[in-house]
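Here the structure is laid out as structure tokens; the discussion comes afterwards.
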Amino acid sequence: MKGININEINEMKVEEILMVKWHWALSGFMVSLVMIGLILLGKNFGLSSTYRTFCAIMGGGKLSNFFLFDIRSQLWNILFIVGVIIGGFIASEFFFDMKSIVIDKQAIQFLKSAGFLDHTSKIESLLPPELFNLNSRGLIIICIGGILSGFGARYAGGCTSGHFVSGLSNLQLPSLITLVFFMIGGMITTYFIVPIILK
Amino acid sequence: MKYIYIVLLGVVFGIVLTKSEFISWYRWQEMFLMKSFHLYGLMITAVLFGILWIRLIKWKEIKDIDYLPIEIPNKNISFYRYAIGGLIFGLGWAISGCPGVTYVLIGHGYWIWIVILMSAILGTLIYGLIRNKLPH
């Protein structure tokens with residue numbers, strides 16, 4: 001990517017600055033700011049807790065006392081995810097070009113041999129259309145994935161945001177253990193399940 | 001006012017997850033295949049800065065917005081729940097993403113992610129029903 005000098009920045013609109021591809025270090029720094037922002041507001045960063053809140057809102061308390069808690073104490077997290085959805089909308093509408101994502105060639109080769117990216121080696125979407133569509137097979141697979149992530153996140157007491165970012169930042173050994181197993185689980189799926197799901 | 005800040009932080013997070021490319025399914029595969037440093041770099045940077053901010057808060061005894069002392073709960077010590085739960089979460093993540101990604105992609109207008117959100121809520125419900133039988 002070409003460098004940007006200060007004069008150019010002055011002439012750029014905010015929108016154009018946001019359009020620039022972000023270095024991973026900038027993204028990581030911004031994630032840490034969101035986490036610490038919530039802590040300064042007296043809250044803790046963790047998104048999978050919202051699943052539990054939804055269960056409670058829908059009357060899960062009748063089925064398990066795990067869903068019996070003061071829903072009002074978690075409403076802030078619902079507000080947070082409303083913000084996340086709005087943020088996703090704003091980013092997709094105004095300053096994100098998914099065609100700018102460059103994926104490693106070997107990874108593309110791996111996915112091609114699994115039947116993904118059939119007609120093109122260019123990534124032009126965020127999600128593989130072969131899998132994320134309403135035909136029964138794709139839908140069943142992604143729903144199983146969803147159930148596993150919802151179940152596992154609560155069993156482990158947190159997801160990527162709760163354990164990885166919040167937990168590790170607070171130097172929690174349990175978060176390190178969880179993280180190692182997140183990675184093992186993900187690798188099992190990618191190496192052994194992804195190659196057979198389209199077959 | 002506090003709640004407006006919370007929504008704004010959510011908006012920032014939604015934008016950051018998009019711009020970081022964390023929401024790309026292909027990026028997850030690349031990460032689990034260990035072919036790119038991109039998402040690892042992102043998470044390592046987030047944690048390093050996170051450690052710095054939390055040390056700073058503890059060291060300076062910084063108060064939160066309501067002038068209350070900041071308490072960050074420690075995770076309970078255990079092994080099984082983190083290992084088994086983590087493994088199961090990882091298995092699902094590589095196909096159906098993690099919670100943050102789910103909400104961001106709904107914001108992007110991928111309505112099929114509402115179905116994934118429902119299934120993840122169902123997964124949480126199943127956990128609530130059988131948790132007493134699971135090793136923790």
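Predicted, not measured: the structure shown is a model, and the values here were computed from it.
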Check your understanding: Quick check: are there more than 12 heavy atoms from other residues, nucleotides or ligands sitting under 6.0 Å from CE of A:Met98?
Key -> yes
Exercise for review: Answer with side chain, backbone, both or neither: which region of A:Leu75 has an atom nearer than 4.5 Å to a non-hydrogen atom of chain B?
Suggested key: neither
Practice item. Quick one: do A:Phe181 and B:Ile84 satisfy side-chain contact (heavy atoms from CB on, under 4.5 Å)? Show the steps, please. Key: CA-CA 8 Å; A:Phe181 283 89; B:Ile84 305 170; over 6 Å; no
Point to revise | Check: B:Trp113 ring centre within less than 6.0 Å of A:Phe132 ring centre | key: yes
Review point. Which one of B:Glu71, B:Arg55, B:Met118, B:Met31 has the most heavy-atom pairs closer than 4.5 Å to chain A?
Key: B:Arg55
Practice item. Identify which of A:Ile86, A:Leu47, A:Ile103 forms the greatest number of heavy-atom pairs closer than 4.5 Å to chain B. Key: A:Ile103
Review point. More than 12 non-hydrogen atoms from neighbouring residues, nucleotides or ligands closer than 6.0 Å to NZ on B:Lys133, yes or no?
Key: no
Review point. Contact part of A:Leu139 toward chain B, heavy-atom cut-off under 4.5 Å: side chain, backbone, both or neither?
Key: side chain
Point to revise | Portion of B:Arg131 that has a non-hydrogen atom of chain A nearer than 4.5 angstrom | key: side chain
Exercise for review: Below 4.5 Å from any heavy atom of chain A, which atoms of B:Thr102 appear? Answer side chain, backbone, both or neither.
Suggested key: side chain
Check your understanding: For B:Leu68, is it the side chain, the backbone, both or neither that has a heavy atom under 4.5 Å from a heavy atom of chain A?
Key -> neither
Check your understanding: Is a donor on one side and an acceptor on the other found under 3.5 Å between the side chain of A:Glu130 and the backbone of A:Leu117?
Key -> yes
Review point. Would a line drawn from the ring center of A:Phe45 to the ring center of B:Phe13 be shorter than 6.0 Å?
Key: yes
Practice item. Would you indicate whether the side-chain heavy atoms of A:Phe151 and B:Leu134 approach each other to under 4.5 Å? Key: yes
Check your understanding: Tell me, side chain or backbone of A:Tyr191 under 4.5 Å from chain B's heavy atoms, or both, or neither?
Key -> side chain
Practice item. Under 4.5 Å, counting heavy-atom pairs only, tell me which of B:Gly97, B:Gly107, B:Gly109 racks up the most with chain A. Key: B:Gly107
**Study point:** Contact winner vs chain A - B:Leu42, B:Asp64, B:Leu117, B:Ile70, heavy-atom pairs under 4.5 Å
**Key:** B:Leu42
Practice item. Go through the atoms of B:Pro69 and report whether side chain, backbone, both or neither lie under 4.5 Å from a heavy atom of chain A. Key: neither
Review point. When you measure from the side chain of A:Thr190 to the backbone N and O of A:Met187, does any donor-acceptor pair fall under 3.5 Å?
Key: no
Check your understanding: Are the side chain of A:Lys21 and the backbone of A:Asp97 linked by a donor-acceptor contact shorter than 3.5 Å?
Key -> no
Practice item. Could you look at A:Ile197 and say if it's the side chain, the backbone, both or neither that has a heavy atom under 4.5 Å from chain B? Key: side chain
Check your understanding: Of all of B:Gly85, B:Cys98, B:Ser20, which one pairs up most often with chain A through heavy atoms under 4.5 Å apart?
Key -> B:Gly85
Review point. Taking every heavy-atom pair that is under 4.5 Å apart, which of A:Gly150, A:Ser169, A:Gly83, A:Gly152 has the most such pairs with chain B?
Key: A:Ser169
Revision key, fill the gap. The interface call for A:Leu173 against chain B, heavy-atom contacts under 4.5 Å, is neither
Check your understanding: So what's closer than 4.5 Å to chain B heavy atoms on A:Leu127: side chain, backbone, both or neither?
Key -> both
**Study point:** Partner chain A: residue of B:Ile23, B:Val47, B:Val104 with the largest heavy-atom pair count (under 4.5 Å)
**Key:** B:Val47
Practice item. Against chain B, label A:Phe67 side chain, backbone, both or neither, depending on which of its atoms sit under 4.5 Å from a heavy atom there. Key: side chain
Practice item. Measure distances from A:Ile39 to the heavy atoms of chain B and classify the residue's part below 4.5 Å as side chain, backbone, both or neither. Key: both
Review point. Measuring heavy-atom distances to chain B, does A:Ile90 have an atom under 4.5 Å in its side chain, in its backbone, in both, or in neither?
Key: side chain
Review point. Is the backbone N or O of A:Gly46 less than 3.5 Å from a side-chain atom of A:Asn77, with the two atoms forming a donor-acceptor pair by type?
Key: yes
**Study point:** A:Ser166 side chain vs A:His163 backbone, donor-acceptor pair below 3.5 Å
**Key:** no
**Study point:** Donor-acceptor pair, side chain of A:Asn65 and main chain of A:Leu68, under 3.5 angstrom
**Key:** no
Revision key, fill the gap. Among B:Gly100, B:Ser78, B:Pro99, the residue with the most heavy-atom pairs under 4.5 Å to chain A is B:Pro99
Review point. Given a strict heavy-atom distance threshold of 4.5 Å, which part of A:Asn133 is in contact with chain B: side chain, backbone, both, or neither?
Key: backbone
Check your understanding: Just by modelled atom types, is the A:Ile142 backbone N or O under 3.5 Å from a matching donor or acceptor in the B:Ser96 side chain?
Key -> yes
Point to revise | Residue A:Asn170 versus chain B: region with a heavy atom under 4.5 Å | key: both
Study note, to complete from the structure: Okay, A:Ser175 and chain B: the region with an atom under 4.5 Å from a heavy atom over there is side chain
Check your understanding: B:Ile121 versus A:Met58: any side-chain heavy-atom pair under 4.5 Å?
Key -> yes
Review point. So which part of A:Val82 gets closer than 4.5 Å to some heavy atom of chain B, the side chain, the backbone, both or neither?
Key: neither
Review point. Side chains of A:Thr160 and B:Trp93: do they bring a donor and an acceptor to under 3.5 Å?
Key: no
Review point. Can you tell me if A:Thr53 uses its side chain to pair, donor with acceptor, with the backbone of A:Ser49 under 3.5 Å?
Key: yes
Practice item. For chain B, find which of A:Ser64, A:Gly157, A:Ala107, A:Gly88 contributes the most heavy-atom pairs closer than 4.5 angstrom. Key: A:Gly88
Exercise for review: Measure from NZ or CZ of A:Arg52 to the centre of the six-membered ring of A:Phe69 and say whether it is under 6.0 Å with the direction within 45° of the ring axis.
Suggested key: yes
Check your understanding: Under a 4.5 Å heavy-atom cutoff, which of A:Ile101, A:Leu79, A:Leu63 has the most pairs with chain B?
Key -> A:Ile101
Check your understanding: Considering only heavy atoms, which portion of A:Met183 lies under 4.5 Å from any heavy atom of chain B: side chain, backbone, both, or neither?
Key -> both
Revision key, fill the gap. Interface check, chain B: of A:Ser161, A:Ala153, A:Gly167, A:Gly158, most non-hydrogen pairs under 4.5 Å belong to A:Ala153
Study note, to complete from the structure: Of A:Gly162, A:Gly186, A:Gly145, the largest count of non-hydrogen pairs under 4.5 angstrom with chain B goes to A:Gly186
Practice item. Would you mind checking which part of B:Ile57 comes under 4.5 Å of any heavy atom in chain A, side chain (CB onward), backbone (N, CA, C, O), both or neither? Key: side chain
